[in-house]
Amino acid sequence: MSLSESSCYTIINSQETEPYNELQLKTDLEKGEINVKIDSLKKVIQLLLNGERLPSLLMTIIRFVLPLQNHTIKKLLLIYWEIVPKTSGDGKLLQEMILVCDAYRKDLQHPNEFLRGSTLRFLCKLKEPELLEPLMPAIRACLEHRHSYVRRNAVLAIFTIYKNFEWLVPDGPELIATFLDSQQDMSCKRNAFLMLLHADQERALNYLASCLDQVNNFGDILQLVIVELIYKVCHANPSERSRFIRCIYNLLNSSSNAVRYEAAGTLVTLSTAPTAIKAAVSCYIDLIIKESDNNVKLIVLDRLIALKENENMERVMQELVMDILRVLSATDIEVRRKTLTLALELISSRNIEEMVLVLKKEVSKTHNVEHEDTGKYRQLLVRTLHTCCIKFPDVAATVIPVLIEFLSDSNELAAGDVLVFVREAIQKFENLRPLIIEKLLEAFPAIKSPKVHRAALWILGEYATSNKDILDVFSVINQTLGEVPIVEAEQKRLAGDENGETEQQQNSVQNSTNVPNNKVTSDGTYATQSAFSVAPISKKIERPALRQYLMDGDFFIGTTLASTLTKLVLKYFDLEQNEMKHNRLATTAMLIMSSILHLGKSGLPTKPITNDDADRIFLCLKTLSERTAEIVDIFKNACRIALSNMLNAQNDEEAATQKDKQKIAAKIQADDPIAFNQLSNGKNDQLGENVFESSLNQALAGTKASTLADIAQANNKLNKVTQLTGFSDPVYAEAYVHVNQYDIVLDVLIVNQTNDTLQNCTLELATVGDLKLVERPHPVVLAPHDFCNIKANVKVSSTENGIIFGNIVYDTTGSNVVVLNTIHIDIMDYILPASCTDTEFRTMWVEFEWENKVSVNTTLTDLHEYLKLLLKSTNMKCLTPEKALSGQCGFMAANMYARSIFGEDALANLSIEKPVDRPDAPVTGHIRIRAKSQGMALSLGDKINHTQKCLHEKSVAA
């Protein structure tokens with residue numbers, strides 16, 4: 001038997017470190033009680049699994065343990081017979097196994113159905129035909145046993161024996177076909193049908209054709225096998241599709257979700273007819289809605305997304321967008337996110353209005369709902385409606401009033417996204433500007449977040465262009481700011497509060513002397529109250545929103561307010577001819593700005609105004625007083641031009657991304673070669689084989705590419721080889737490190753360079769970091785100048801630099817140890833470029849607590865070259881638009897983002913510079929890395945430092 005065909009056993013780890021005593025085990029197996037024999041047999045099994053052979057115990061177990069009728073011993077013996085060596089050194093079957101074979105025969109005829117069934121399952125694992133041949137009559141007899149457990153295991157035993165040793169049961173398919181016709185138990189029918197599927201498809205097809213109308217009444221386990229058969233047959237022989245397609249349609253209505261899922265997947269591969277695609281997609285949608293497991297929902301959603309990639313299927317799915325939106329009834333945020341993304345990609349002008357109505361209903365459902373993901377869901381709905389309006393401007397007028405209601409939402413993320421949408425909509429849709437301004441003014445007093453208020457002020461200052469709008473903005477600002485001058489008003493309020501507190505204290509003293517106070521009740525009678533019946537009054541000062549921000553020390557909103565007032569006044573000068581009204585409005589604006597400055601220096605707020613904020617407000621005051629042409633043009637025109645350029649850059653980037661995602665239609669040229677399936681070698685052509693199996697084989701073994709690709713792949717593999725020992729060591733070792741998502745496979749080559757036989761040559765490994773060794777490699781025996789390959793699996797649980805170290809231990813005359821070089825795991829294998837919005841980036845930047853600041857130390861003299869090097873070495877994506885980085889200057893700032901396969905986010909901010917007057921000067925600056933975990937931040941910093949060090953060494957060598 002070749003090594004690839006040898007059996008694979010489960011390794012049972014033994015916690016005992018004491019050396020075993022073979023003589024004691026033999027005594028316990030001979031003379032011990034039942035419990036002692038059970039424990040001894042367990043120890044023997046563990047020793048066999050750990051590499052011991054124990055040949056002297058075989059006859060002892062046959063004589064003293066095999067005749068026992070204890071069920072626990074029977075189960076342990078089945079494991080023992082599976083793993084015990086059954087052949088001698090020359091490959092011949094041991095004579096003792098004849099006695100064991102007789103025991104098998106007795107168990108197959110035992111009156112207990114469990115022992116019969118267990119023995120039949122065990123026979124499926126035997127690879128010795130000499131042991132199986134005498135048992136064939138007993139196995140055949142089990143097909144007629146009264147109990148289904150025995151019958152279905154007998155079918156499996158015959159199936160396995162027929163597959164491995166066909167000459168032992170040459171009439172196997174005919175025997176099982178006869179058995180299948182007479183069976184009523186679904187598990188027996190399933191196993192029998194499964195054998196016919198793999199052993200004799202023609203008989204399986206004949207049986208299926210005879211009971212096509214009864215398939216819906218079969219059990220789900222049999223229906224799954226029937227779906228598999230139809231899939232294989234129809235791919236091998238397309239002319240059979242019309243014969244079995246109706247059966248697949250019927251299975252879409254099965255009571256089993258697993259059967260419905262497989263039937264839908266089979267249907268879309270067998271037929272591209274619109275009715276078939278529609279039926280399959282409807283089945284998928286129904287599965288998502290009715291299935292409670294979120295993982296199943298996500299799997300089926302991914303299947304729908306994959307179907308959308310086919311152009312023909314996408315057209316049919318566009319008609320089912322409203323059905324897809326029914327999935328929003330799920331509570332999981334990831335399911336909702338994928339559903340909305342899929343719906344947005346399928347939406348068209350025919351059903352956009354219906355989709356907007358559904359989304360508006362979803363918005364109303366989220367009101368007054370307390371759930372941890374409600375805020376994120378509202379944000380998703382906002383972004384979806386935003387995208388709908390940009391793609392289909394006709395629905396913007398109905399969506400904008402709904403979205404502006406979000407401005408008063410307590411969820412700052414959703415309100416912020418609304419302002420981003422309003423800013424883009426008011427720039428692109430000139431006809432909707434009056435409506436947006438009106439709704440924004442209505443919602444302005446109810447806004448609760450300073451960030452949202454700042455954005456709303458900017459929009460109002462930029463796009464309020466009529467006299468009425470400008471005066472309305474001033475009115476709403478006065479309403480949300482309160483009485484000015486602010487300092488005098490606050491001092492009056494404080495003085496009034498102190499008088500009120502003094503009066504309250506006097507009343508308390510009066511009450512404490514038991515002088516009753518008379519209180520008039522609602523019916524006109526008097527009631528008496530004392531200090532013991534009056535609760536203390538804790539009066540909280542309530543202020544308008546803008547004033548409260550300023551009192552809390554947030555003067556950044558004061559600068560936004562000053563800039564907005566300046567823009568409005570300058571526009572009002574162009575619209576209104578009356579100079580008295582000019583002066584009145586300008587005076588009002590300047591009074592508000594000077595009042596904010598006075599408040600910032602008064603000491604009343606919790607934090608004083610910063611110098612930057614004060615300078616900005618002073619600039620606005622100076623602009624209104626002097627009205628210099630250059631500054632006035634900046635306030636009136638430059639801001640809107642900057643917004644327009646930014647939106648155009650975003651649109652260009654999105655258009656480029658969509659262009660990359662566009663599917664290239666398959667074109668067949670006149671001189672293209674014709675592929676004949678009959679002449680295909682089967683490696684690249686999937687017609688006639690199970691696509692599921694081929695994809696699994698590709699995942700396990702990789703795809704077979706052209707010769708040049710094979711050479712490139714081999715070279716890439718050689719680059720990942722790490723030398724573990726020196727060439728002069730007695731044992732030479734090198735490892736190929738293969739990273740496969742969540743685990744690492746070490747393929748270690750060990751070469752014996754001595755003239756001695758190395759006994760118990762063991763590879764001992766240990767890890768540092770979030771790495772875990774799955775299993776300890778087994779000892780091997782190496783002949784002189786022999787070599788072997790040992791594989792070790794390491795589990796990875798997070799994106800962090802890891803180290804694998806260890807040694808090789810072997811026995812010759814004594815114990816010898818060879819220390820191995822360390823293997824450093826590169827975190828770049830787990831980090832992938834990703835995208836996020838500016839808002840999400842800032843939110844994560846504030847939330848992440850671990851920061852690593854790395855100094856730039858490089859010989860590069862070009863800012864753009866250093867950015868490219870950084871992106872290549874860290875697998876991060878630059879979020880800053882290319883237009884913002886274009887041009888030459890002495891400074892560059894860029895944001896970068898990446899995401900690991902474990903769902904960990906990594907942010908980076910690059911700030912570099914170089915003297916403009918010194919072209920040969922190297923780039924200097926810093927890189928700030930932020931991550932949720934410390935290991936991620938430190939590992940990325942180490943990677944950047946290592947890249948810079950390697951670059952520096954190359955430049956020195958050059």
Side-chain angles (χ1 to χ4, degrees), residues 400-401 403-408 415 418-419 422-423 426 432-490 492-493 542-551 554-599 617 620-621 623-624 635-636 639-640:
I400 286 173
L403 287 182
I404 290 183
E405 293 178 4
F406 276 90
L407 294 179
S408 58
V418 170
L419 261 300
V422 170
R423 184 185 64 184
I426 203 171
L432 297 178
R433 287 179 184 175
L435 173 65
I436 296 175
I437 293 294
E438 177 188 352
K439 297 297 180 181
L440 195 55
L441 287 173
E442 292 177 1
F444 192 87
I447 297 175
K448 302 172 184 177
S449 168
K451 291 183 180 179
V452 179
H453 256 131
R454 286 201 306 266
L457 281 170
W458 189 92
I459 293 173
L460 290 173
E462 195 65 43
Y463 292 96
T465 53
S466 65
N467 284 353
K468 180 181 180 302
D469 289 342
I470 293 173
L471 294 178
D472 289 343
V473 173
F474 264 85
S475 174
V476 77
I477 287 175
N478 287 327
Q479 178 185 348
T480 51
L481 184 62
E483 184 183 353
V484 289
I486 302 175
V487 175
E488 287 75 1
E490 288 296 321
K492 289 179 183 178
R493 180 191 291 270
E542 294 184 1
R543 299 186 180 93
L546 293 180
R547 184 183 295 242
Q548 186 62 51
Y549 302 151
L550 297 173
M551 293 300 294
D554 186 2
F555 284 93
F556 186 34
I557 197 169
T559 63
T560 308
L561 179 58
S563 176
T564 299
L565 294 174
T566 304
K567 291 178 184 178
L568 293 174
V569 171
L570 293 175
K571 284 192 237 178
Y572 192 75
F573 287 163
D574 297 335
L575 297 171
E576 181 60 51
Q577 304 300 325
N578 192 327
E579 190 172 352
M580 184 181 297
K581 293 182 180 180
H582 289 183
N583 295 334
R584 184 182 300 138
L585 196 65
T587 304
T588 303
M590 296 174 77
L591 175 61
I592 293 174
M593 287 185 260
S594 59
S595 179
I596 294 173
L597 283 172
H598 188 196
L599 178 66
I617 297 174
C620 293
L621 283 169
T623 301
L624 288 180
F635 274 99
K636 290 170 62 176
C639 293
R640 190 176 302 186

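Just so you know, these numbers use all the heavy atoms, side chains as well, and skip hydrogens, waters and symmetry mates.
Here the side chains of Leu481 and Leu561 are in contact, with some heavy-atom distance below 4.5 Å. Looking only at side-chain heavy atoms (C-beta outward), Met590 and Leu565 stay at 4.5 Å or farther from each other. At least one side-chain heavy atom of Leu624 sits less than 4.5 Å from a side-chain heavy atom of Met593.
Rounding to the nearest 0.5 angstrom, the gap separating the CG atom in Leu570 from the CG atom in Leu575 is 11.0 Å. To the nearest 0.5 angstrom, Glu438 atom CD is 9.5 Å from Ile404 atom CD1. Expressed to the nearest 0.5 Å, how far NE2 of His453 lies from NZ of Lys451 amounts to 15.0 Å. With values rounded to the nearest 0.5 angstrom, His582 atom NE2 is found 6.5 Å from Gln577 atom CD. To the nearest 0.5 Å, the span separating CG on Leu432 from NZ on Lys439 amounts to 12.5 Å. To the nearest 0.5 Å, atoms CD1 (Ile437) and NZ (Lys468) are separated by 11.0 Å.
Taking each heavy atom of Tyr572 and Ile470 in turn, the nearest pair found is N-CD1, 3.9 Å. For Cys620 against Thr566, the heavy-atom pair with the smallest separation is CB-OG1, 3.3 Å. Between Gly482 and Arg547, the closest heavy-atom pair is C-NH2, 3.0 Å. The two residues Ile447 and Ala545 have their closest heavy-atom pair at O-CB, 4.3 Å. The two residues Ser563 and Phe635 make their nearest non-hydrogen contact at OG-CE2, 3.8 Å. The two residues Asn583 and Thr587 come nearest to each other via the heavy atoms O-OG1, 2.5 Å.
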Identify each donor-acceptor pair in which a side-chain atom of residues 454-467 lies under 3.5 Å from a protein atom, sequence neighbours left out, and give them as a table.
unit_1 : atom_1 : unit_2 : atom_2 : d
Glu462 : OE1    : Lys567 : NZ     : 2.8
Tyr463 : OH     : Gln427 : OE1    : 2.6
Ser466 : OG     : Asp469 : N      : 3.2
Ser466 : OG     : Asp469 : OD2    : 3.1
Asn467 : ND2    : Glu576 : OE1    : 3.3

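Residue Ile400 forms a side chain to side chain contact (heavy atoms under 4.5 Å, CB included) with just one option from Ile426, Val418, Ile436, Val422, and that option is Ile436. For the side chain to side chain contact (heavy atoms under 4.5 Å, CB included) criterion with Phe555, the lone passing option out of Ile596, Ile617, Thr560 is Ile596.
In Phe573, the CZ atom is crowded: over 12 heavy atoms of neighbouring residues, nucleotides or ligands sit closer than 6.0 Å.
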Exercise for the section: Please report the C-alpha distance between Val569 and Thr588 in whole Å, then the side-chain angles of each, then the deciding distance to 0.1 Å, and finally whether the side chain to side chain contact (heavy atoms under 4.5 Å, CB included) criterion is met. Expected result: CA-CA 10 Å; Val569 171; Thr588 303; over 6 Å; no
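For Asp574, the side chain to side chain donor-acceptor pair (under 3.5 Å) test picks out Lys636, with sequence neighbours left out.
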